[in-house]
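Written below as structure tokens is the structure these notes are about.
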Amino acid sequence: MARAKPKSDALEPRLAALRFDESGWQAAARSDALARLTAIGLPGRRDEYWRYTDPSLLNAAQITPTAPLANDAEVFAKIEALKIVFVDGVFDAERSDPLGMEGVSIEPLSAATGDIHWARDLYGVLEARGQNPVARPLAAMNTAFATEGCLIRVTGHPLKPISIVYISESMASDVILHHCIKVESAAEVTVLESGQAAGRLNGVMEVELADGARFHHIRAQGRDAARLEVTHLFARIGKDANFKSFTMSGNGRLTRNEAVLELLGDDSSAHVAGTALGDGAFHHDDTVFITHAAERCESRQVFKKVLKNGAVGVFQGKILVKQGAQKTDGYQISQALLLDGDSQFLAKPELEIYADDVKCSHGSTSGAIDETALFYLRSRGVPLAKAQALLVLSFLAEAIGEIEDEALAAAVQARLEDWLHGDAA
Amino acid sequence: MLEIKNLHVKLEEEDKVILRGVDLKIGAGEVHAIMGPNGSGKSTLSYVLSGRDGYEVTEGSAQLEGAELLEMEPEERAAAGLFLAFQYPVEIPGVGNMTFLRTAVNAQRKARGEAELSAGDFLKVVRERAKLLKIDADMLKRPVNVGFSGGEKKRNEILQMAMLEPKMCILDETDSGLDVDAMKLVAEGVNALRSEGRSFLVITHYQRLLDHITPDVVHIMAAGRIIKTGGPELALEVENNGYADLLAGVA
Ligand SMILES: Nc1ncnc2c1ncn2[C@@H]1O[C@H](COP(=O)(O)OP(=O)(O)OP(=O)(O)O)[C@@H](O)[C@H]1O
Ligand SMILES: [Mg+2]
């Protein structure tokens, strides 16, 4: 794929407001990332990878704050978890739980200043790997400038999930967060993310799964209509390891969630799923790139979007099966439910296969609400708006079904019901 | 209970006329049956009464206890006491049968200004009524009609009817696709609901359902009209001789 020409004219003002920190163990990673970013330039509408999503709001030197962001009630409030709080992108020790828990060590990136650090092998490393074959300049920008985030190293089976909660208090918050998570051999962790992070968020999460490791990730992105967000989830998945990530999004003016997952050890799996509800000036882009580089691995992508009043949904999903990745089982489905004629769904599923004994399937559909089912519900006395909300939940069910933990699935379901029935009321 | 006068219906999108002046009056507590050749307009009548889109009423009226049905939204008709057991019940993946039933029951109660049933009370009533229809806990948990056999779907319709306690029940070929035992179950379910304040309109092709649910009145529908009305013996006549004589009689 052709690389974009450097667009230094836009890059300079974009970086002007950011402070480049040359100290500490990340120094080399940061300057490498800055060099990558300078070589690549900011994404542009002419880049094939940004064909359906206009990055200009992400590239802009500054954001124009509208109204204060609305902070929803915490989605995972009822889940017993170790809570880590970031307020406008800054770790808040007072609002967070003590960071000690058996089987895991957690440090805020801002406090991890020690000279020798395990995260040196992870910070910016997966992001750099993820620059090929497609450039991801905003992720490089994140590595170059991030000073906040979490470093999580899992060595056992912590009893509770780790819940990262974002709160936004400033109207003008423009935030970069970078998390590194290493799950050691046969260890297991659940990481939750929720809340309104910032007016504009650039988030990166790098996840390394050693052999036999398990990682569950459930994310609830904020619902404020003015929110701008670009996230990259990079993972390197070892033998017999399981990776699962689910994202729920509501509204938000512009969201681009990229997942770049590599199955590197035999018999491992990677599942990514998401639901997005968009109303009005909403643009939501899920871009997924899964590489099968080992035998007998399984991957699943399940993305559902509900769009109305001119909302736009994008899905770009790729499965790359490398030579020798025999018995690969890849599945991909992306669907949109268009609640009116003004909304739009753009999907680009891609398969690239260099092994002969593989099973890969993909499907993409967009359609309206099923009138027969709607009439059936109404004929039982369910009012129109409520019947529509039920059918929306019915449409989302397959994606929510990807959440393994029942309590977490119930929390997500409950929030979706609140949103939908709230709209219905 | 239900009074239909000179009902004319055409398709909204095409100029196809389906009902050509249907007159029907069902008293409180009565059971009426409608029989008639395929395509004569029986299901259309049931859809128009319950408010499905796609049909245009060009003439006539339909009143439920004096209230004009044709002006109401489908959910208002349901709250007013109308129920249609579908010829082809609809599958709704991702919506649990129990959630669906509870949402429907409480929506109707709310529309009528009654208090909603608590989760506990609701569960108790559902279990009891499901048991009579041999619907097990697993079927209650599963998504609405998904993976149900034809007979299970029909029993599920009757369960909905039992839970919603409508005044006017329309059953569109609820007997089709049922084995002998299931038909008895369904008939028992219906008979258990028969009461002075509740009326039934049973659409069927076969006498065998009427062996179990004895109708007070039988109507024959052909080409969008009721062409003959009589007692239970009319159904037997159809069973033995088909529609040829009846149709010839009108022509
Ligand atoms: N939405 C529709 N679009 C096109 N034709 C329709 C539609 N609804 C009904 N019809 C036609 O109207 C006629 C009556 O159909 P209806 O389903 O009411 O018959 P029925 O008496 O219930 O038949 P059956 O005994 O086979 O169930 C048929 O010719 C049918 O094809
Ligand atoms: Mg019919």
Side-chain angles (χ1 to χ4, degrees), chain A residues 246 248 273-275 277 302-306 333 335-337 363 365 367-403 406 409-410 412-414 416-425, chain B residues 46-55 69 72-97 99-112 114 142-146 153 156-157 159-161 163-166 169-170 172:
Chain A
F246 174 92
M248 162 171 74
T275 61
L277 303 183
V302 180
F303 287 90
K304 306 261 185 165
K305 294 180 172 64
V306 181
I333 181 100
Q335 293 181 308
L337 183 62
T365 63
I369 224 156
D370 178 353
E371 287 298 326
T372 310
L374 193 64
F375 171 63
Y376 189 62
L377 289 169
R378 294 177 78 191
S379 78
R380 281 2 180 192
V382 182
L384 176 62
K386 192 143 198 179
Q388 279 171 333
L390 273 177
L391 292 177
V392 167
L393 286 169
S394 148
F395 167 76
L396 298 176
E398 185 188 4
I400 298 165
E402 290 290 314
I403 304 173
E406 274 182 29
V412 166
Q413 173 91 16
L416 286 168
E417 279 174 18
D418 279 359
W419 285 355
L420 290 166
H421 294 313
D423 289 349
Chain B
S46 71
Y47 287 145
V48 170
L49 290 175
S50 45
R52 187 172 189 154
D53 280 344
Y55 303 99
L69 278 177
M72 299 181 202
E73 295 297 328
E75 55 269 35
E76 293 169 340
R77 302 180 197 207
L82 186 75
F83 180 88
L84 167 64
F86 281 52
Q87 180 170 1
Y88 304 108
V90 182
E91 298 187 4
I92 310 183
V95 176
N97 213 5
T99 309
F100 164 59
L101 275 171
R102 196 163 153 226
T103 309
V105 168
N106 281 335
Q108 289 202 15
R109 293 180 76 102
K110 199 169 155 197
R112 290 193 291 255
E114 300 161 15
R142 269 154 56 187
V144 180
N145 293 325
V146 177
K153 284 181 183 167
N156 204 28
E157 293 290 289
L159 174 64
Q160 290 167 33
M161 185 168 88
M163 291 305 299
L164 295 168
E165 301 180 337
C169 311
I170 306 174
D172 191 0

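Just so it is clear: chains get the letters A, B, ... in the order the sequence lines come, proteins before strands, and each one is counted from 1. These figures come from a predicted structure and were not determined experimentally.
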field: Which portion of B/D53 sits near chain A, non-hydrogen atoms under 4.5 angstrom
entry: side chain
message: Between A/F246 and A/F303, is the ring centroid distance below 6.0 Å?
response: no
- prompt: So do the side chains of A/L337 and A/K305 get within less than 4.5 Å of each other, counting heavy atoms only?
  reply: no
field: Contacting moiety of A/L384, where chain B heavy atoms sit under 4.5 Å
entry: both
field: Worked check of salt bridge (charged side-chain N to carboxylate O under 4.0 Å, His left out) between A/E371 and A/R378
entry: CA-CA 10 Å; A/E371 287 298 326; A/R378 294 177 78 191; over 6 Å; no
message: Less than 4.5 Å to any heavy atom of chain A: does that hold for the side chain of B/R52, its backbone, both, or neither?
response: both
message: With a sphere of 6.0 Å drawn around CD of A/E406, does it hold more than 12 non-hydrogen atoms of other residues, nucleotides or ligands?
response: no
- line: Pair count under 4.5 Å, heavy atoms only, with chain A: among B/G54, B/A80, B/A78, highest is B/A78
- line: Assert top hit (heavy-atom pairs under 4.5 Å, partner chain A, pool B/E73, B/M161, B/Q160, B/E76) equals B/Q160
Pair B/E91 + B/K153, salt bridge at N-O below 4.0 Å: yes
- request: Could you tell me which portion of B/V105 (side chain, backbone, both or neither) has an atom closer than 4.5 angstrom to a non-hydrogen atom of chain A?
  value: neither
